[in-house]
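Only one structure is covered here, and it is reproduced in the block below.
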Amino acid sequence: MNERHVLILGGTTEARHLAEALTGTPWRVTTSLAGRVAAPRALPGAVRVGGFGGAEGLAAWLRAHRVTALVDATHPFAATMSFHAAEAAAATGVPLLALRRPGWTRLPGDDWHDAASLDEAASLLPGLGSRVFLTTGRTGLAAFTGHPGLWFLVRAVDPPEPPLPARSEVLLDRGPFTLEGERALLARHRVDVLVTKDSGGTATAPKLTAAREAALPVIVVRRPPVPDGVPQAATSAAALAWLTALAP
């Protein structure tokens with residue numbers, strides 16, 4: 001019987017859950033991490049850290065390591081890696097699945113403002129508030145440097161990449177976050193507008209509830225699409241079922 005080797009492009013909770021679910025199965029698991037988080041949580045199976053060198057480099061890795069299935073479980077906003085995965089899968093014939101948690105759903109009482117990019121999100125801020133809770137991650141913050149009159153609370157897992165807004169405070173923290181904690185944070189820093197990416201999931205969702213309760217506007221950056229033709233799964237359980245169907 002040919003060896004079953006799955007490469008999980010990871011960095012998300014769903015990727016970790018899938019690797020854990022595959023423990024004890026016939027699948028040999030390798031999880032690839034981009035290396036952006038300084039101290040990632042331990043994972044079962046083999047782990048590699050760093051880039052592949054584009055779609056061609058990923059395709060070469062798939063061939064060299066005899067990968068028989070590829071699961072793109074990267075962050076919903078890791079669009080470049082997702083398109084590289086699609087190109088590499090097409091070049092090698094390795095089956096590809098995109099594991100994507102569902103996006104957040106607008107609820108009654110939400111004051112959401114959609115944005116297609118961080119730049120568009122920044123352009124909406126002056127009309128919505130002056131004390132900004134910025135939860136878009138450690139990269140791309142240069143988009144918010146053009147508003148010196150605004151104050152930003154920047155929350156990230158690791159120290160954010162410069163440049164940062166001139167008037168800003170950095171809060172290093174990792175979810176999951178509680179509703180009580182988010183309520184207290186908004187009140188303590190007198191936040192009057194929230195900026196977030198539509199990452200989905202429950203770990204960081206309490207900030208949306210806290211903003212709704214406080215009647216705060218929320219700028220939601222829409223996630224990029226999954227490459228055309230790539231099947232999707234919303235949960236690690238669904239991804240496990242897909243892998244099982246590939247090699248029953």
Query raised in the report: Looking only at heavy atoms, which two atoms of P126 and H147 are closest? And how far apart?
Result: CG-CE1, 3.5 Å

Query raised in the report: Is there a donor-acceptor pair under 3.5 Å between the side chain of D119 and the backbone N or O of A143?
Result: no

Query raised in the report: Between L9 and W242, is there a shared hydrophobic cluster once you connect ILVMFWY residues whose side-chain heavy atoms come closer than 4.5 Å?
Result: no

Query raised in the report: Quick one: are S130 and D192 in side-chain contact, heavy atoms under 4.5 Å?
Result: yes

Query raised in the report: Taking all atoms of both residues into account, what is the closest heavy-atom pair of A88 and A55, and its distance?
Result: CB-O, 3.7 Å

Query raised in the report: Would L194 and L118 show up in the same hydrophobic cluster when neighbours are defined by side-chain heavy atoms closer than 4.5 Å?
Result: no

Requested in this report: Using only heavy-atom distances, determine whether the side chains of T12 and R100 contain a donor-acceptor pair under 3.5 Å.
Outcome: no

Query raised in the report: How long is the span from the CG atom in L128 to the CG atom in L216, to the nearest 0.5 Å?
Result: 11.0 Å

Report summary line: Tightest non-hydrogen contact, residues P44 and T23, listed as CB-OG1, 3.7 Å

Requested in this report: Establish whether L164 and V193 are linked, either directly or via other cluster members, by ILVMFWY side-chain heavy-atom contacts under 4.5 Å.
Outcome: yes

**Report entry** H113 (side chain) donor-acceptor with V220 (main chain) under 3.5 angstrom
**Finding:** no

Query - Nearest atoms (heavy-atom pairs only) where V226 meets A98 - result: CG1-CB, 3.9 Å

Query raised in the report: Does F77 belong to the same Ile/Leu/Val/Met/Phe/Trp/Tyr cluster as V157, with side-chain heavy atoms less than 4.5 Å apart forming each link?
Result: no

Query raised in the report: Is R28 close to R4 at the side-chain level, that is, under 4.5 Å between some pair of heavy atoms?
Result: no

Query raised in the report: After noting the C-alpha distance and the side-chain angles of L153 and L171, does the key distance pass the side chain to side chain contact (heavy atoms under 4.5 Å, CB included) rule?
Result: CA-CA 7 Å; L153 176 65; L171 174 62; 4.1 Å; yes

Query raised in the report: Hey, any chance V218 and V221 share a hydrophobic cluster, counting ILVMFWY side chains that come within less than 4.5 Å of each other, even indirectly?
Result: no

Query raised in the report: Checking side chain to side chain contact (heavy atoms under 4.5 Å, CB included) for the pair V6/L70: CA distance, chi angles, key distance, verdict?
Result: CA-CA 6 Å; V6 57; L70 177 61; over 6 Å; no

Requested in this report: Determine the minimum heavy-atom distance between L172 and P159, stating which atoms define it.
Outcome: CD2-N, 3.7 Å

Query raised in the report: Under 3.5 Å, is there a donor-acceptor pair between the side chain of R167 and the main chain of G149?
Result: yes

Query raised in the report: R223 side chain to D198 main-chain N or O, any donor-acceptor pair under 3.5 Å?
Result: yes

Requested in this report: Could you pull out the closest heavy-atom pair between L58 and H84, with the gap in Å?
Outcome: CD2-O, 4.0 Å

**Report entry** Polar side chain donor-acceptor pair, T74 to D72, under 3.5 angstrom
**Finding:** yes

Report task. Check step by step if side chain to side chain contact (heavy atoms under 4.5 Å, CB included) holds for F152 and R131. Result -> CA-CA 6 Å; F152 294 83; R131 295 184 65 82; over 6 Å; no

Report task. Let me see the working for W104 and W112 under side chain to side chain contact (heavy atoms under 4.5 Å, CB included), right down to the final yes or no. Result -> CA-CA 11 Å; W104 288 315; W112 285 11; 3.9 Å; yes

**Report entry** Greater than 12 external heavy atoms within 6.0 Å of R190's CZ
**Finding:** no

Requested in this report: With the side chain counted from C-beta on, respond yes when V195 and F133 share a heavy-atom pair under 4.5 Å apart, and no when they do not.
Outcome: no

Requested in this report: Please collect all side-chain hydrogen bond (donor to acceptor under 3.5 Å, both in side chains) contacts where either partner lies in residues 46-62, sequence neighbours excluded, each pair once.
Outcome: S32-R48

Requested in this report: Give every residue pair that meets the side-chain hydrogen bond (donor to acceptor under 3.5 Å, both in side chains) criterion with at least one member in residues 201-222, sequence neighbours excluded.
Outcome: D110-R212, T135-K207, R183-E213, T196-K207

**Report entry** S199 backbone acceptor or donor facing R101 side chain under 3.5 Å
**Finding:** yes

Report summary line: Interatomic distance, NE2@H17 vs CG@L22, rounded to 0.5 Å, equals 13.0 Å

Report task. Flag the pair R106 and D111 as a salt bridge only when some basic side-chain nitrogen lies within less than 4.0 angstrom of an acidic carboxylate oxygen. Result -> no

Query raised in the report: Should R155 and E182 count as an ion pair when the cut-off is N to O under 4.0 Å?
Result: yes

Report task. Determine whether the side chains of T30 and H5 contain a donor N or O and an acceptor N or O closer than 3.5 Å. Result -> yes

